[in-house]
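Accompanying notes for the structure given below.
Everything quoted here is computed from the prediction, not taken from an experiment.
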Amino acid sequence: MLPRRDSARGKSSYGRTISREHRSSSPTASPLPWEHPRWQDSVAAWIDSTLADLGIEQAGTVEHLRERPWAAIARVSTAEGDVYFKASAPSEAFEPALTLALARKRPDVIPAVLQIDVERAWMLTRDAGTQLRGHIADSPNPAIWDELLPLYAELQIELCDSVDELLAVGTSDKRPAQLALAYQDLPARWQAEKAPPQREVDALVERLGDTIPVSLAHEEFGDNNILLRNGSPVLIDWAESAVEHPFCGLVNTFRGLVDRWGFEAGAPELLNLRNVYLEPWTRFAPLPKLVEQFDAAYALGMVCRALTWDRLVSRLTGPDRAEYADHVPAWLQMLSETLDGKATLGT
């Protein structure tokens, strides 16, 4: 069974009606922060205080939009437009500090952060635009990816020199050596019978070498996490990003291109978009060499996705854990099928 599309989680959908269908009801569950009584009161008080300190007049009450095992989202109207509140789950607690660090480096492509609370993993940001997904409802024009993929690559290249800073704020560490170590007990812990043996993962890591420096990979760089602000892209939802080989983070990007943009898995048009992404990296190596590394990194990206779900689901119990427990073994099975040639780019 292939993994369910991660986008089905519906992450980063600012503006939808609140839904609690994924909240744990088990009495033995370790409650998520937003399951505590009066949590919403604490959020409202923090937002009120933050806006007052910033001199921003609040024009409405806090509207809680959504709660999931990984985050809770709220919105409040102000005299300067809507602002958004996000509380990250303990497994994703680095996101506010990481987003702030990115916003300071690249305010043109990152939401404007008004305030963060590192201890509680809270963040308040200005409205960053409308989802790209909303612009493809009628007739998707895939030409936009000729601009988005190089933009993302250039951002990653710029961040290669900031790895220590990104790790210091708690960003997940999936550099190739750590990735191989983390894989050692992963299949056994999740009873993933169809996972590849360790030696195949080690061989993929060996193929990567050190031609391309590690950087930040979003892992969910897709139309649900790309907003358009005055026509320019803004990248949101960095909760599942990691410091890793930069090519590893594109698995869900290409799956999304197949799901919603009219491409066929492995089609020449999809391979061309791969090359569009790789072109900025030709300052490090010729394109044929980059393509070889991309193939290895793309497969290892499935290990990255399995580890991301491992981090999240391992903290859950009860119905929440049961709902998402299949994701880790499914990603490892997909890795096996990719290595066997049964799955290809965008599958």
Side-chain atoms of residues 201-208: list all donor-acceptor pairs with protein atoms under 3.5 Å, sequence neighbours left out, distances to 0.1 Å.
| residue | atom | partner | partner atom | Å |
| --- | --- | --- | --- | --- |
| Asp202 | OD1 | Gln198 | NE2 | 2.9 |
| Arg207 | NH2 | Glu292 | O | 3.4 |

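Between the side chain of Glu92 and the main chain of Ala89, no donor-acceptor pair closer than 3.5 Å is present. Using a distance-only test at 3.5 Å, with no hydrogens or angles considered, a donor-acceptor pair links the side chain of Gln58 to the main chain of Gly60. In this structure a side-chain-to-backbone donor-acceptor pair under 3.5 Å is missing from Thr282 to Ala285. Judged by distance alone, with hydrogens and angles left aside, the side-chain atoms of Thr308 form a donor-acceptor pair with the main-chain N or O of Cys304 at under 3.5 Å. Remark: side-chain polar atoms of Gln131 are paired, donor with acceptor, to backbone N or O of Asn224 under 3.5 angstrom. No donor-acceptor pair under 3.5 Å is formed between the side chain of Ser49 and the backbone N or O of Ala45. Side-chain atoms of Gln156 never come within 3.5 Å of backbone atoms of Ser215 as a donor-acceptor pair (strictly under, hydrogens ignored).
For Asp41, the salt bridge (charged side-chain N to carboxylate O under 4.0 Å, His left out) partners at least two apart in sequence or on another chain are Arg38. When the side-chain contact (heavy atoms from CB on, under 4.5 Å) test is applied to Ala168, no partner is found at least two apart in sequence or on another chain. Residues passing the ring pair (Phe, Tyr, Trp, His ring centres under 6.0 Å) test with Phe263: none are found, sequence neighbours excluded. Applying the side-chain hydrogen bond (donor to acceptor under 3.5 Å, both in side chains) rule to Asp82 yields the partners Ser77; only residues at least two apart in sequence or on another chain are considered. In this structure, the side-chain contact (heavy atoms from CB on, under 4.5 Å) partners of Thr50, at least two apart in sequence or on a different chain, are Trp46, Leu54, Gln115, Leu124. Taking Arg321 as the reference, nothing meets the salt bridge (charged side-chain N to carboxylate O under 4.0 Å, His left out) condition, with sequence neighbours excluded.
Among residue pairs with one or both ends in residues 158-183, none qualify as ring pair (Phe, Tyr, Trp, His ring centres under 6.0 Å); sequence neighbours excluded. Applying the salt bridge (charged side-chain N to carboxylate O under 4.0 Å, His left out) definition to pairs two or more places apart or across chains, those involving residues 155-164 are Arg106-Glu158. Every pair passing salt bridge (charged side-chain N to carboxylate O under 4.0 Å, His left out) that includes a residue from residues 111-122 is listed here, sequence neighbours excluded: Asp117-Arg120. Within the structure, ring pair (Phe, Tyr, Trp, His ring centres under 6.0 Å) contacts touching residues 143-166 (residues at least two apart or in different chains) are Trp145-Phe221, Trp145-Trp261, Tyr152-Phe221. Pairs of residues two or more places apart, or lying in two chains, that qualify as salt bridge (charged side-chain N to carboxylate O under 4.0 Å, His left out) and include a residue from residues 271-287 are Glu154-Arg283.
When every heavy atom of Glu244 is checked against every heavy atom of Gly249, the shortest pair comes out as OE2-N, 3.5 Å. Pairing each heavy atom of Leu186 with each of Ala306, the nearest pair is CD2-CB, 4.0 Å. For the pair Val169 and Ala97, the tightest heavy-atom approach, listed with the atom from each and the gap, is CB-CB, 3.9 Å. For Ile157 against Pro280, the heavy-atom pair with the smallest separation is CD1-O, 3.6 Å. The two residues Trp122 and Pro96 have their closest heavy-atom pair at O-CB, 3.6 Å. Across Pro90 and Pro33, no two heavy atoms sit closer than the pair CD-CD, 4.1 Å.
More than 12 heavy atoms of other residues, nucleotides or ligands shown are found within 6.0 angstrom of CD on Gln184. Asp185 CG: more than 12 foreign heavy atoms inside a 6.0 Å radius.
Side chains of Arg260 and Asp223 form a contact here, defined as non-hydrogen atoms less than 4.5 Å apart. A 4.5 Å side-chain heavy-atom check between Thr125 and Val83 finds every atom pair outside the cut-off. Between Trp70 and Ser88 there is no side-chain heavy-atom pair separated by less than 4.5 Å. With contacts defined as side-chain heavy-atom distances shorter than 4.5 Å, the pair Phe85/Ile73 does not qualify. Using a 4.5 Å heavy-atom cutoff, the side chains of Leu332 and Met302 are not in contact. Residues Glu63 and Leu65 have side chains in contact (heavy-atom distance under 4.5 Å, counting atoms from C-beta outward). With a 4.5 Å cut-off on side-chain heavy atoms, Pro329 and Glu193 do not count as touching. Within the 4.5 Å cutoff, side-chain heavy atoms of Asp146 are placed close to those of Leu273.
The only option from His327, Met334, Glu219 that meets the side-chain contact (heavy atoms from CB on, under 4.5 Å) definition with Arg305 turns out to be Glu219. Screening Leu98, Leu166, Leu235 for a side-chain contact (heavy atoms from CB on, under 4.5 Å) with Ser241, the sole residue that qualifies is Leu98.
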Could you walk me through whether Asn225 and Trp238 pass the side-chain contact (heavy atoms from CB on, under 4.5 Å) test, one step at a time? CA-CA 9 Å; Asn225 291 323; Trp238 293 87; over 6 Å; no
List the steps, then state whether side-chain contact (heavy atoms from CB on, under 4.5 Å) holds for Trp309 with Ser91. CA-CA 10 Å; Trp309 281 104; Ser91 60; over 6 Å; no
Could you walk me through whether Lys194 and Glu337 pass salt bridge (charged side-chain N to carboxylate O under 4.0 Å, His left out), step by step? CA-CA 9 Å; Lys194 297 183 180 180; Glu337 293 178 359; over 6 Å; no
side-chain contact (heavy atoms from CB on, under 4.5 Å) assessment of Leu227 paired with Thr130: CA-CA 5 Å; Leu227 306 186; Thr130 58; over 6 Å; no
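Within the model, atoms CG of Leu100 and CD1 of Ile116 stand 4.5 Å from one another, a figure rounded to the nearest 0.5 Å. Note that CZ of Arg175 and CG of Leu167 are 5.0 Å apart. Values are rounded to the nearest 0.5 Å. Between Lys289 atom NZ and Thr211 atom OG1 the span is 5.0 Å, to the nearest 0.5 Å. Note that CG of Leu345 and CD of Glu264 are 12.5 Å apart. Values are rounded to the nearest 0.5 Å. Residue Thr253 holds its OG1 atom at 8.5 Å from OH of Tyr298, rounded to the nearest 0.5 Å. Distance check: Phe254 CZ to Leu271 CG gives 8.5 Å after rounding to the nearest 0.5 Å.
For Ser162 and Lys105, the side-chain atoms include at least one donor-acceptor pair closer than 3.5 Å.
One finds no salt bridge joining Asp127 and Arg229 here, because no Lys/Arg side-chain nitrogen approaches an Asp/Glu carboxylate oxygen to under 4.0 Å. Between Glu240 and Arg311, none of the side-chain N atoms (NZ, or NE/NH1/NH2) sits under 4.0 Å from a carboxylate O, so this pair counts as no salt bridge.
Using bins of under 30°, 30° to 60° and over 60° for the plane-to-plane angle, the ring pair Phe247/His245 lands in the perpendicular bin.
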